[in-house]
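Note that these values count all heavy atoms, side chains included, but never hydrogens, waters or copies made by symmetry. These numbers come from a predicted model, not from an experiment.
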Amino acid sequence: MTSVERLRTMNRRKLLTAAVVATALTALSACSGGATPGTSSSTGTGGTLKLAFLAGISTPDPDTAYDGPELNLVNSAYEGLLKYQPGQAKPQLTGALATKWAANADNTVFTFDLRTGVTFHDGTAFTASAVEPSFQRRTTMAKGPSYMVADVKSVEAPSDSQVVITLKAPNSAFLDLLASPFGPKMLSPKALQDHPTSTDEDNWFATHDAGTGPYTYGTFEPDADYKLTAYPGYWGTKPGYSAVDFTVLASMSTIQLKLQSGELDGVIGSLDGASFTTLKGDSSLTTSAFSSMQTPTLFVNPKSAAVGAADVRAELLAGIDFAALMKKALPDTTEPTTEVFPVNLLADPGTDQQKITYDATALAGLASGALAGKTVKIAYTQTGPDGQALSDNLAAVLNTAGIKAESVGYAAGTYYPALAKGADAPDLTIFAGFPDTAHPDAWASVFYTPDGGLDLFGAEVPGLAETLAAARKTNDQAAYGRAAAMVSESAYWYSMGTMKGTASFAKDVAGADTAWHPVITGVLELNLLHPAS
C-alpha cells in the first residue's frame with residue numbers, strides 16, 4: 001500500500017484527537033421500541049441488549065471495515081485465526097480459530113493447527129480450505145486492511161485441521177496482524193462462491209455475514225439501525241444476550257439522557273471527557289475506564305518558522321508539563337506516560353523512555369528569546385470536544401508563559417490539507433491515534449516515517465526508517481528501543497499520555513471488565529456481556 005492509500009484509509013479510522021477527524025468516535029446504545037433494556041425475551045436468557053451509534057458507521061464488511069466502531073459488528077460475527085486476550089492491558093496472543101501456531105526462524109513460514117467442530121453461520125464446516133479464499137477476498141477488495149495479507153506468498157492446507165502460510169519476506173508482525181481487530185477474518189467458502197464481490201457495488205457482505213462468530217447479522221438499515229442475533233451453534237462462550245440492537249442517535253446529549261433514563265443499556269467508547277465525568281457521578285450506572293494504546297501525540301512542524309529549529313522544538317517540548325496538561329484537560333479519561341511508544345507495546349518499557357525531560361524554566365527562556373514576538377498556531381479539528389480541550393489547554397500553558405499561542409479549529413475536510421502546507425501550515429498539532437495491532441512496527445513505521453501515512457507534517461529522522469525495517473524482521477526489541485530514542489531526541493513528536501477506553505452501563509449489565517480490547521477503544525467482545533443477575 002502506498003503512503004497516500006494508507007493515509008486515506010487510516011484517516012477514516014476511529015481516532016480521538018485534538019487534531020484529527022473525530023467523527024468516528026461512537027457510542028453503543030439503543031434501538032427504539034421493543035422491551036425494556038436488559039429484560040428477557042423469548043429467544044435467550046439475556047433478552048435484547050440495547051445500544052447505539054453516535055453516527056453512521058462504515059459498512060460492516062470484514063474486508064473493508066477500517067474505521068473502528070463498526071468492528072463491534074464485524075468482530076461479533078466473524079473470527080480470525082488469532083486474537084488478543086480481552087480484559088487485560090498487556091497484549092497476549094490467544095487462539096480464535098487456531099489452537100496452536102508456530103513460526104520458523106526467519107518469520108517467513110507460519111503453521112497453524114485449527115479448531116475442529118466449528119461451523120460457519122450458513123452451516124458449512126470450518127476447515128483449512130477456508131483460509132486461502134478468505135485471504136484472497138481481502139486482497140481482491142483492495143481496501144485499507146488489505147495490506148495485512150499483502151505479503152502472503154502461499155497458503156497450503158496439509159489437512160483439514162492445519163494450514164501453512166508462507167510470506168514473501170520476513171515479518172515478525174504477521175501474527176499480530178492476524179490478531180488485529182482489523183485483521184483477516186475467515187469467511188464461508190460457500191458464501192464466497194455464492195456471493196462473489198470485487199467492488200462496493202451489490203456487496204452481499206455489506207448487510208449479511210458468513211462468519212463463525214457468536215452473533216449473526218440481522219436486519220440493517222444503514223445510518224439508522226443495526227441488529228445482531230445470537231448464533232445458537234457457536235463453539236465458544238455463548239452470548240449473554242440473545243440479540244443486540246444498535247440505533248444511530250444524533251448527539252451525545254441524547255445518548256446521555258437515554259442512558260440515564262433507562263432507555264439504553266449502555267454506551268461504549270464515544271464518551272468525551274465531560275460526558276464521562278457526568279455519567280461517572282450517576283449512581284445508577286457502572287462507569288469504567290480501560291487501558292488502551294490510544295496515544296495523544298504532539299507533532300511539531302519541521303518547516304515552521306517559529307518552532308521548526310531543532311533547539312527551539314526541543315526546548316519547547318521540555319518546557320511543557322504534559323502530565324499536568326492531560327490531567328487538567330481530560331482528568332478522568334487520560335493518564336500520563338513517560339514512554340515514546342504506546343504503553344505495553346514494547347516488552348521492556350525501560351528501553352522506551354522519553355529523552356526530553358521537563359524543565360520548568362524552558363518556556364520562559366523561549367518567551368524572551370527565540371519565540372519573542374512570534375505566534376505559535378496549534379491546530380485541532382472541530383468535530384470533537386476532547387481535541388479542542390487538549391489544544392486549548394496547551395495554548396493556555398504557552399500564553400501563561402509569555403509565548404503567544406492560538407488554538408485554531410479546522411473543519412474535518414480542511415484539517416489534513418492545512419497540515420500539508422509546509423511553512424504555511426500550523427506550527428503544532430495533537431493527534432490521538434492507536435496502532436492497528438499490538439506490534440511496535442504498527443505504530444512506529446506509520447507515525448514516524450514519511451511513507452507511513454500518519455507522519456502528519458512529514459518529519460524525517462535520518463536512519464530511522466532503516467532501523468525500523470531491520471527491527472521488523474525479527475521483532476528486535478533493542479532496535480525498537482534505539483528507534484524510540486531517535487524519535488524522542490528529534491523533538492518532532494512527543495507522546496503526551498494515554499487515552500482510556502470508556503464504557504458506562506446500567507447496573508444490570510455485567511462483563512465489561514473482561515470484554516475490553518487492549519489496543520482499540522470503543523470495541524468490546526459483545527458476547528462477554530451478560531445480565532448481572
Side-chain angles (χ1 to χ4, degrees), residues 9 12 53 56-81 83 96-98 114-115 117-150 152 154-155 157 160 163 165 178 180-235 239 243-246 526-527:
T9 52
R12 295 195 299 269
F53 290 119
I57 63 168
S58 294
T59 299
D61 181 323
D63 293 317
T64 66
Y66 205 39
D67 283 353
E70 77 283 1
L71 293 184
N72 286 290
L73 304 179
V74 172
N75 287 325
S76 293
Y78 292 93
E79 297 171 302
L81 299 179
K83 66 176 186 176
L97 294 178
L114 305 181
R115 199 174 297 279
V118 176
T119 60
F120 290 100
H121 297 159
D122 62 6
T124 304
F126 167 69
T127 67
S129 63
V131 179
E132 192 279 333
S134 295
F135 281 12
Q136 184 57 52
R137 182 178 189 271
R138 176 160 288 213
T139 299
T140 300
M141 294 302 291
K143 299 294 185 178
S146 65
Y147 83 92
M148 295 181 172
V149 295
V152 173
S154 67
V155 179
D160 283 350
V163 67
I165 300 170
L178 295 182
S180 166
F182 303 98
K185 305 299 189 289
M186 296 297 103
L187 286 74
S188 163
K190 181 179 185 301
L192 289 174
Q193 183 176 6
D194 292 345
H195 307 284
T197 311
S198 59
T199 69
D200 293 332
E201 300 298 324
D202 299 321
N203 183 3
W204 183 86
F205 293 89
T207 54
H208 302 77
D209 82 273
T212 62
Y215 285 99
T216 65
Y217 289 172
T219 57
F220 283 3
E221 296 179 33
D223 299 326
D225 184 81
Y226 305 84
K227 290 181 171 60
L228 296 173
T229 302
Y231 176 52
Y234 183 55
W235 64 267
V244 182
D245 284 2
F246 303 84
L526 297 182
N527 64 306

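Shortest non-hydrogen contact noted between Ala157 and Ala128 is CB-CB, 3.6 Å. Looking at every heavy atom in both residues, Tyr78 comes nearest to Ala210 through OH-N, 3.0 Å. Closest non-hydrogen pair, Phe126 versus Met186, comes out as CE1-CG, 3.8 Å. Across all non-hydrogen atoms, the minimal contact from Pro232 to Ala230 is CD-O, 3.4 Å. Between Gly80 and Ala96, the closest heavy-atom pair is O-CB, 3.1 Å. For the residue pair Met141 and Asp61, the shortest heavy atom distance occurs at CE-OD2, 4.2 Å.
For the pair Thr216 and Leu228, the minimum side-chain heavy-atom distance is 4.5 Å or more. Proximity of Pro145 to Lys143: side-chain heavy atoms (C-beta onward) are separated by under 4.5 Å at one or more points. Using a 4.5 Å heavy-atom threshold, the side chains of Ile57 and Asp67 count as separate. Between Val149 and Pro184 the shortest side-chain heavy-atom distance falls below 4.5 Å. Side-chain contact between Leu187 and Pro62 is present, with at least one heavy-atom pair separated by less than 4.5 Å.
Applying the salt bridge (charged side-chain N to carboxylate O under 4.0 Å, His left out) test to residues at least two apart or on different chains, the pairs with a partner in residues 180-193 are Lys190-Asp194.
Note that CH2 of Trp235 is 6.5 Å distant from CG of Leu97, once rounded to the nearest 0.5 Å. Atom CG of residue Asn203 and atom OG1 of residue Thr197 lie 4.5 Å apart, to the nearest 0.5 angstrom. In this structure, the separation between OG on Ser146 and CZ on Phe182 is 13.5 Å, given to the nearest 0.5 Å. Between the CD1 atom in Ile165 and the OG atom in Ser154 there is a gap of 9.0 Å [rounded to 0.5 Å].
Under the ring pair (Phe, Tyr, Trp, His ring centres under 6.0 Å) test applied with Phe246, the options Tyr226, Tyr215, Phe53 reduce to a single match, Phe53.
The side chain to side chain donor-acceptor pair (under 3.5 Å) test applied to Thr207 returns no partner, not counting sequence neighbours. Applying the side-chain contact (heavy atoms from CB on, under 4.5 Å) test to Pro60 and every residue at least two apart in sequence or in another chain returns Leu73, Val74, Tyr217, Phe220. Residues passing the salt bridge (Lys or Arg N to Asp or Glu O under 4.0 Å) test with Asp63 are Arg137, Arg138, sequence neighbours excluded. Looking at residues two or more places apart in sequence or on another chain, you find no salt bridge (Lys or Arg N to Asp or Glu O under 4.0 Å) involving Asp223. For Thr127, the side chain to side chain donor-acceptor pair (under 3.5 Å) partners at least two apart in sequence or on another chain are Ser129. With sequence neighbours excluded, the residues satisfying side chain to side chain donor-acceptor pair (under 3.5 Å) with Thr212 are Glu79. Contacts of Thr140 classified as side-chain contact (heavy atoms from CB on, under 4.5 Å), with partners at least two apart in sequence or in another chain: Gln136, Ser198.
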Identify all side-chain donor-acceptor contacts of residues 117-125 below 3.5 Å with residues at least two apart in sequence or on another chain.
from   : atom 1 : to     : atom 2 : distance (Å)
Thr119 : OG1    : Tyr231 : OH     : 2.7
His121 : ND1    : Asp209 : OD2    : 2.4
His121 : NE2    : Gly213 : N      : 3.3
His121 : NE2    : Gly213 : O      : 2.8
Asp122 : OD1    : Thr124 : N      : 3.0
Asp122 : OD1    : Thr124 : OG1    : 2.9
Asp122 : OD1    : Ser188 : OG     : 3.4
Asp122 : OD2    : Ser188 : OG     : 2.6

**Study point:** Evaluation steps, side chain to side chain contact (heavy atoms under 4.5 Å, CB included), between Val244 and Lys227
**Key:** CA-CA 6 Å; Val244 182; Lys227 290 181 171 60; over 6 Å; no
Review point. Would Leu114 and Val163 count as a side chain to side chain contact (heavy atoms under 4.5 Å, CB included) if you check the C-alpha gap in whole Å, the side-chain angles of each, and the deciding distance to 0.1 Å?
Key: CA-CA 8 Å; Leu114 305 181; Val163 67; 4.1 Å; yes
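Side chain of Asn75 to backbone of Asn72: no donor-acceptor contact under 3.5 angstrom is found. Looking at His208, its side chain does come within 3.5 Å of a backbone N or O of Trp204 through a donor-acceptor pair.
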